[in-house]
Amino acid sequence: MIETRFSIPTPSHFSLWRTVYSHGWCALLPFHVDKEAQELVRIIELSDGTLASSSLSNGATGIAVRVRSQVKLSTDQKSEISGLLAMSLRVEEELSGFYAEARRHKQYRWIPETGSGRLLRAPTVFEDVVKMICTTNCSWALTTVMIENLTKHLGRRFADGAYSFPTPEALAGTTEHFLRKNIRAGYRSPYLIELADGVVSGRIDLESWRTSPLTTVELFEKVKSIKGVGDYAAGNLLKLLGRYDYLGLDSWVRSRYYDLHTRGRKVSDRTIERRYESYGTWRGLFFWLEMTKHWFDHKFPF
DNA sequence: GCGTCCAGGTCTACC
DNA sequence: GGTAGACCTGGACGC
């Protein structure tokens, strides 16, 4: 095994572990947090099919990256890995406007101070969409089971025994019966096949969403045109595309809101949305960070 | 041990 | 445009 090391420069107000633990993605394979080594680990599949294992930690000049591969990586391959990791960690996302807005509100000043606000995403939109569909209408425990099954049955095995996330081609090459029986994806199975088929055929261009010229409302409708993606999933996928106009309400976050703001009393979604309207296009990000602030009070980063 | 409910919802048919 | 019912799974809960 050949080891390569490099560093990814980070902007001010960047926190690796606030980003890694920004939501549940770090607990879904191929992402894995090695708490003992204090590293975020994942297998990356490069555009030429090469597999590599990347380990990320805090470094003196940014994110310290350690890559293991079976062949010596070319300059282009190292550059591709660096780009994919930087993109997943939202290193280049412009948040100065968001932080300026946060400083205007006493209750949100902790956000720029802690380097919060960057939401971890997968190297591909395809992976994000598949995972988001697998979070719908089930417990988090079942989501982790479905994603683990997907990677282990349809991903590629690296030398260390870890797996990559399946490609659209790998998913499209299965059957609804296989996904129901082996992945435990249930009624989501035909949705996943249809998504993968659409990507493979070129009918659906998911990767273009990250640089889409569409308005956020238009993009929201486009995301929702994917079978299995409704208001909750589309709202949260937009956050991973850098657009924060939607709250992405689900039962967990509603419950959290009731605990924080209404002493446990249920209120309508419209009431929740009204509370954050004044934060404009950043409202979804303020909302999510407020709902999850307590995670870092108790158990994160280590 | 068994039945029911529900969890980080969505789709379709029907009104 | 609004809503009821169906849809996979698996853990929690009550009996």
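When reading the values below, keep in mind they use all heavy atoms of this one structure, side chains included, and skip hydrogens, waters and symmetry mates. A, B, ... follow the sequence lines: proteins, then strands. Residue 1 opens every chain. Here the structure is a predicted model, which is why all the values come from computation and not from measurement.
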Original post:
Which dot-bracket string fits DNA chain C when only Watson-Crick or G-U wobble pairs with both atom distances under 3.5 Å count, crossing pairs get [ ], and | stands for a partner on a different strand?
Top reply: |||||||.|||||||
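Within 4.0 Å of A:Val145, counting heavy atoms only, lies no atom of the nucleic acid at all. Nucleic acid contact for A:Ser139: base, since at least one base atom lies under 4.0 Å from a heavy atom of the residue. Using a 4.0 Å heavy-atom criterion, one finds that A:Ile226 contacts the sugar-phosphate atoms exclusively. Using a 4.0 Å heavy-atom cutoff across all strands shown, A:Asn236 reaches no nucleic acid atom at all.
OP1 and OP2 of B:dG8 both lie 4.0 Å or more from every side-chain N or O belonging to A:Thr143. For the pair A:Lys227 and B:dT12, the criterion of a side-chain N or O lying under 4.0 Å from OP1 or OP2 is met.
If you check residues 183-191 of chain A against DNA chain B, the residues with a heavy atom closer than 4.0 Å are A:Tyr187, A:Tyr191, listed by number.
In this entry the distance linking CZ of A:Arg256 with C1' of B:dA7 reads 18 Å, nearest Å. Residue A:Phe287 contributes atom CZ, which lies 14 Å from atom P of B:dG8 at whole-angstrom precision. In this entry the distance linking CG of A:Leu247 with P of B:dG8 reads 18 Å, nearest Å. The separation between A:Lys224 atom NZ and B:dG9 atom P is 15 Å, rounded to whole Å. Atom P of nucleotide B:dG9 and atom CH2 of A:Trp252 are separated by 12 Å, given to the nearest angstrom. What separates CG of A:Asp231 from P of B:dG8 is a distance of 19 Å, to the nearest Å. Per the geometry, CG belonging to A:Leu237 stands 14 Å off P belonging to B:dG9, to the nearest Å. Separating the CZ atom of A:Arg254 from the P atom of B:dA7 is a distance of 10 Å, rounded to the nearest angstrom.
Applying the ring-ring contact (aromatic ring centres under 6.0 Å, His included) test to A:Phe126 and every residue at least two apart in sequence or in another chain returns nothing.
A cation-pi arrangement is not found for A:Arg118 relative to A:Phe14, the charged atom failing to lie both closer than 6.0 Å to the ring centre and inside a 45° cone about the ring normal.
Between A:Arg270 and A:Glu273 there is a salt bridge, since a side-chain N of the basic residue sits under 4.0 Å from a carboxylate O of the acidic one. Between A:Glu101 and A:Arg104 there is a salt bridge, since a side-chain N of the basic residue sits under 4.0 Å from a carboxylate O of the acidic one. The residues A:Arg180 and A:Glu176 are annotated as salt-bridged, a charged nitrogen and a carboxylate oxygen being separated by less than 4.0 angstrom.
Comparing the P positions of B:dG8 and B:dT4 gives a spacing of 23 Å, expressed to the nearest Å.
Under the stacking criterion of a centre-to-centre distance below 5.5 angstrom and an interplanar angle below 30°, A:Tyr232 is not stacked against the six-membered ring of B:dG8.
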Extract all donor-acceptor atom pairs below 3.5 Å that involve side chains of residues 194-204 of chain A and protein atoms in other chains or at least two apart in sequence.
residue, atom, partner, partner atom, Å
A:Ser201, OG, A:Asp197, O, 3.1
A:Ser201, OG, A:Gly198, O, 3.1
A:Ser201, OG, A:Arg203, N, 3.3

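Closest heavy-atom contact between A:Leu16 and A:Ser57: CD2-C, 3.5 Å.
A donor atom on one side chain and an acceptor atom on the other are found under 3.5 Å apart for A:Thr50 and A:Gln77. Residues A:Glu290 and A:Tyr108 bring a donor and an acceptor atom of their side chains to less than 3.5 Å of each other. Side-chain atoms of A:Tyr232 and A:Thr135 include a donor-acceptor pair closer than 3.5 Å.
Scanning DNA chain C 5' to 3' for nucleotides with an atom closer than 4.0 angstrom to a non-hydrogen atom of chain A gives a first and last hit of C:dC7 to C:dG10.
Nearest nucleotide to the side chain of A:Thr136, out of B:dT12, B:dA7, B:dT10: B:dT10.
The main-chain N or O of A:Arg156 is found under 3.5 Å from a side-chain atom of A:Ser164 such that the two form a donor-acceptor pair.
Sorted by first and then second residue, the side chain to side chain donor-acceptor pair (under 3.5 Å) pairs involving residues 278-289 of chain A (not counting sequence neighbours) are A:Gln107-A:Tyr279.
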